[in-house]
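These notes are about the structure you will find just below.
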Amino acid sequence: MSGTQQLDASSFLSLCLIFNILFIKLEPETYSKYYNYDQLTDLLKSLAQKYANIANLTSIGRSVENRELWVMRITRDPTADGPGKPKFKYVGNMHGDETVSRQVLIYLLEYLLEKYGEEPRVTELVDSTDIYIMPSMNPDGFEKSKEEDCMGKDEGRNNAKNVDLNRSFPDQFEEIHVNAEEMPEVAAVMRWILQNQFVLSGNLHGGTVVASYPFDDSAAHDNEGTYSRSPDDALFRYLARVYAENNPVMKTGQPKCEENINETFKDGITNGAKWYDVAGGMQDFNYLKGSCLEITMELSCCKYPPSTQLKTEWDNNREALLAYMEKVIHIGVRGFVRAARNDAPLADAVIMVAGINHKVSTSRFGDYYRLLLPGTYNITVLAPGYVWYIFMRENCMCGFYILRTVLWFSYIIWLGLADEEKDSRVTVQPQDFRHHHYNDMELFLQKFSSEYSSITRLYSIGKSVQERSLWVMEISNNPGVHEFGEPEFKYIGNMHGNEVVGRELLLNLIEYLCRNYGTDPEITQLINSTRIHIMPSMNPDGYEVSQEGDISGVQGRNNTNNYDLNRNFPDRFNFVTDPRQPETLAVMNWAKSYPFVLSANLHGGSLVVNYPFDDNPDNVSRYSKSSDDDVFRMVALAYSQENSQMYDGHSCKGMDLYQEYFKDGITNGAEWYNVHGGMQDWNYINTNCFEVTIELGCYKYPPAADLPKYWERNRRSLLQFIHQVHRGVKGVVIDSKDGSGIPNATITVDAINHPITSNFAGDYWRLLVPGKYHLTASAQGYSSVSTFVNVPKEGVEIVNFTLNRIHSYTNGQTTEDTTPVLDPSVKEFQSLIKQLSGESGLDKLIKDTPTQSSFRYRCYSEVSEFLRGLTLNFPEITSLQSLGQSVEFRTVWALEISNNPKVQEPSEPKIRFVAGIHGNAPVGTELLLEFAASLCINYGKNAAITRLINETRIVILPSINPDGRELAKEKDCTSTAGKTNVHGKDLDNDFFGNASQRAAEPQPETRAVMDLIQERGFTLSVALDGGSVLVTYPYDKPVQSVENADTLRYLATVYANHHPKMHSGDTGCPNSQMGTIPNGVLRAAEWHSHMGSMKDFSVDFGHCPEITVYTSCCLFPPAEMLPTLWAENRKSLLSMLVEVHKGVRGVVKDKNSKPIVGAIIVLNGGVRVFTSEGGYFHALLAPGLHNIEAVADGYQQQSQKVSVSPFEAASSIIIEFDMENDIFGLPRELVVASAAAAMTALVVTACIIWCICSAKSNRQKDGFHRLRQYRDDYDDEIRLMSMGSKKSLLSHEFQDESESEEDTLYTNKL
């Protein structure tokens, strides 16, 4: 053959392949047989080859028995990814014996492939949608199943490891671990879902005929009957109806299955959990983790019907399958998110719909798809590091164009559906009008919490005197979570036990909100945009002794201890001296734990809204205006205007002898009458929350028959007042460097002396009346930013602040903030510290690391055995050391916990926990033993605990007075037995560093601890003692001033703030003489002044700050109290492990990068720390800007200013020394200049002398010259003779005596 006729092998194979593809002939579908795995595989491969232009076959993983999990992708250009096409999927045969789903999906993909290009409907669907069809998720189970097994009696339901795949996905209400070896099918599908941004999905099953939608389970896990709403409940119902209405059997709602012949489903759909509870289901995982809306379709009563029924099943489901798929392109909003600067697509931008707590994100191409029902929506696009800009495409796709640096964007989008009519909605009113005693109220709350678990969370903030729970019902579309940018609101009722109307109205409100969510637009929007907390009864004990019919009495008004709770809060004028009650403490702790913005306290006895201030220093009735008087009047009027009787101003017509009148139904508290210790003033002064007091009627305990009237009068007011939380300004304070939110930033408004602070995530809310304002945002370590803002008459204005970190200053010179790129591990740890420092970081850690100890007091031998047990069971992270022995030869133990306990690691902070300095206060010993055990047990199990131990050296001294402990007696709250050691010495009076101050040698216990302290290297020390509930900081000795007092006080405050009682400042101890202690923190000398304390020694000679924690009023409380004391102190102890990583740390080195050991680091001109091996130092500092000076012999002093954050780990700084600048005590420049001047003068003088001598030598006589020459010759001769060089001397006798040029030159030089 000629060259042009030759055909090489590769070309021949290519032609053969093309021929096979073009001429593949598939047998026509008969709809009369099931395909086993091999047949299915062959069929799918053949279809993929024949329709390669629109079909691509891949496997997403393998089953237990190594079968491929096939997925057919059907779309135009199926091997390429691109923007503009939403992703849809169908999954079948999840339960192996439910086989109809497998077959109808085979028929569906055949139908789509065959009809493409022929039927416009199919062509449009395939061209515009990225369709993925998985006929069988459980091929192993299918192979074991038997045809005509309608009830699923054989083994095919589960996978080959007998795992139910639809009970094995991670669940929101139950912890489920996915074991890839036991359930590789689940692991593969999870990976597939998370890697692809599917928009809509269907999971096909069998066993009945119904469309089931999320959620599939509830927190209560009731077997059936509990409706578990998702945020997209209305949309899910619509999608389920789309499928059901297009299935002739399903739409009847009466499947008439033999197993349950009477089972019915309204409209052929059901909420999953209401039908029956399924934990670990795939549809909930899709929605919660994959942002994909999925419903479950049950296709047939018989799970594995005879093959003769397959044609009928296909006919029943074909239209439903197509109609359901079409919804992915026909409803909702879609578009692109791009950068305005360069039109680049932005991946992972978050698309949020106001009022619906379900977010979707953009793909890597910047496109997004959000399914929505008809309506008006506020769409927010959030992209870190960008601000918003809107651009409308001509094709009506909403394109969000984004600019750098700020975050927020909002835009209103109108959507419509031609074939969907709006539901007619009727507001459901409460039906439960009666007086609820405590048990009745508790059951009511539990009922609604269970029935509406998707929008409610029932929690207790504490207990009353008589141990009744103080219940709070949270109502939100994402209960249990603070959503970024969403304000938090609270109502409190029944503070006075006999004022019951507020209690019943709040129960009515809970019912009203729950029953109307998802149907009433106002209620739905309110719940979706607000986190609402409702406490029906703050004084349940008082209520129980109150009497129905009480008009103006006092029975039940106070709590069980007979204290008026609304006179029991800390007062700004210190009028309140009563002990703080448990109900008061619980509410104070609650108010400081949540970022509440607005609140109302519901009372009875009059009809008016009362706003701050409630008192004045003169204790007289006159207007006491707060800085936000205009705001308080605005929110008070919002309530009263909706209650016509209240707004009238005549509060108690016919009942009040004095005929009180309140203009517009509102009043300033102090103008009405003075209330000291009121809750509303405390909220305003001590938190970000604005609170008013609402008097609901003149009848304190009206008959139950009157309750409907109270509801009708106050329903609109209650709702309108909640709406006020969305007034003023809100936004986020952002760090310009990394885009993260700045917690605890201060927002101030010019001319209003009431700053508020940002939440942990950096979001803030500031109530303001409409008008123009000048706002300033500031934060420690950042430059302040100010801006002008116009607050609208309706709604809230969004104002974001981006703050720049303050640059450090080195020796007066500004340096740029050039933080080096951190090692990922370091960055991860810094993120952990920030997380644990946040609002609920430690709470989550405690929840994730439960303890199961049986608490009891241990004697010395048991303590020793316990410590040895820790080292034997956890040898990799523990080391036990004897510091010395007590007088009676008991060992003073020190347990170290770290990832390398026997090796010094100077770069890691070192923290010391000490207890038992007084033997009669052993609570601290037991707490530290439990603390050590919890750390060890959770090492390697909990990531946060593991990382803290890896990065910290923890030293625990559980008992430094073991002899005294043996003498103490349990349940003796005030005895001094065992307080001292056996020599009668109080060890906390025995720590003296100077011999001149000491009358005798230190006790052996003291010496052991002193030696440990003087090793230095400790960053922080925490000592536990007993006899009160507070924290003290140095000094114990009476001194006029304390260096670094701010830092010491701050460390003590951190401990107290994490304690549920301590931070309130009320010790609650009998016979306490101190009264209220601000924040529960006190300088030690103000508590019990004395010399020789351990904390003073630690500061002065160990250069380590130490705080003392008094854990309980009783020195030796009963063992039954230990679990409570552990629960109260555990969070605080953990906070110290976090706090020790803050402050400032760094390395000191010279120009050659050689570390300098022993350099002195001076903090703010006072406190000193020293660099250790490697040049490392670490010092704790209060948040703020600090001066750091470094001094070392032979080097020039260095100084820097550093910023310390209360939420972030210490940033490492490097101090590099130049050589010493002083010489002989004088500046180097002066010494060098003086030396240069002296040398110059010397050279000039020498030149002058040389010139004079040279001139004289020219006039010298020859005789004198000869004489000098002979003298020189003689000198040379003597020198040479002494050297033994006679030859040189003899030769000199024959020299020419005439003067040579060399002689002349030599003479001149002389």
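All heavy atoms count here, side chains included; hydrogens, waters and symmetry mates do not.
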Residues [X], [Y]: salt bridge by 4.0 Å N-O rule:
| X | Y | value |
| --- | --- | --- |
| R766 | D628 | yes |
| E294 | K89 | yes |
| D232 | R370 | yes |
| K847 | D843 | no |
| R716 | E522 | yes |

Taking the six-membered ring of Y238 (Phe, Tyr or Trp), confirm whether the NZ or CZ of R241 is under 6.0 Å from its centre and within 45° of its axis.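 Verdict for Y238: no cation-pi partner in R241.
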Please say whether the positively charged group of R229, taken as NZ for Lys or CZ for Arg, lies over the ring of Y227, i.e. under 6.0 angstrom from the six-membered ring centre and within 45 degrees of the axis.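 Judged by the rule (NZ or CZ under 6.0 Å from the ring centre, within 45° of its axis), R229 counts as positioned above Y227.
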How close do [X] and [Y] get, counting heavy atoms only, and between which atoms?
| X | Y | result |
| --- | --- | --- |
| G485 | D763 | N-OD2, 2.9 Å |
| L507 | L445 | CD2-CD2, 3.9 Å |
| T530 | I722 | CG2-CG2, 4.3 Å |
| N494 | S537 | OD1-OG, 2.7 Å |
| V732 | Y764 | N-CE2, 3.7 Å |

Where the side chain of [X] meets the backbone of [Y], is there a donor-acceptor pair that is under 3.5 Å apart?
| X | Y | answer |
| --- | --- | --- |
| N271 | P214 | yes |
| S476 | R531 | no |
| D171 | F173 | yes |
| E642 | A638 | no |
| E488 | I532 | no |
| T362 | L346 | yes |
| D284 | D216 | yes |

With sequence neighbours excluded, what pairs up with K844 under the side-chain hydrogen bond (donor to acceptor under 3.5 Å, both in side chains) test?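 Here the qualifying residues are D848.
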E691: partners by side-chain hydrogen bond (donor to acceptor under 3.5 Å, both in side chains), with sequence neighbours left out: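 Counting only residues at least two positions away or on another chain, E691 forms a side-chain hydrogen bond (donor to acceptor under 3.5 Å, both in side chains) with K490, S599, N683.
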State yes or no: are the ring centers of [X] and [Y] separated by less than 6.0 Å?
| X | Y | result |
| --- | --- | --- |
| F632 | F690 | yes |
| Y491 | F489 | yes |
| Y287 | F236 | yes |
| W275 | F265 | yes |
| W471 | H436 | no |

Between [X] and [Y], does any side-chain donor sit less than 3.5 Å from a side-chain acceptor?
| X | Y | answer |
| --- | --- | --- |
| Y639 | N714 | yes |
| R633 | Y611 | yes |
| S361 | Q197 | yes |

Set of ring pair (Phe, Tyr, Trp, His ring centres under 6.0 Å) partners for F169, sequence neighbours left out: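 With neighbours one apart ignored, the set is F285.
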Carefully, step by step, assess F596 and H533 under the rule ring pair (Phe, Tyr, Trp, His ring centres under 6.0 Å). CA-CA 9 Å; F596 292 118; H533 304 254; 5.1 Å; yes
What pairs with R434 under salt bridge (Lys or Arg N to Asp or Glu O under 4.0 Å), at least two apart in sequence or on another chain?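 R434 satisfies salt bridge (Lys or Arg N to Asp or Glu O under 4.0 Å) with D432, D440 only.
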Partner set under salt bridge (Lys or Arg N to Asp or Glu O under 4.0 Å) for R457, not counting sequence neighbours: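 Result, salt bridge (Lys or Arg N to Asp or Glu O under 4.0 Å) vs R457: E474.
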Report the C-alpha distance between I492 and L506 in whole Å, list the side-chain angles of each, state the deciding distance to 0.1 Å, and finish with yes or no for side-chain contact (heavy atoms from CB on, under 4.5 Å). CA-CA 8 Å; I492 298 177; L506 292 183; 5.9 Å; no
Which residues satisfy the side-chain contact (heavy atoms from CB on, under 4.5 Å) test with N357, sequence neighbours excluded?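 For N357 the side-chain contact (heavy atoms from CB on, under 4.5 Å) partners, ignoring immediate neighbours, are P231, N477, N478, E483.
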Nearest-0.5 Å distance that lies between atom CE in M538 and atom CG in L470: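 Between M538 CE and L470 CG, I get 8.0 Å after rounding to 0.5 Å.
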H358/S291 under side-chain hydrogen bond (donor to acceptor under 3.5 Å, both in side chains): CA gap, chis, key distance, verdict: CA-CA 7 Å; H358 179 69; S291 294; 4.6 Å; no
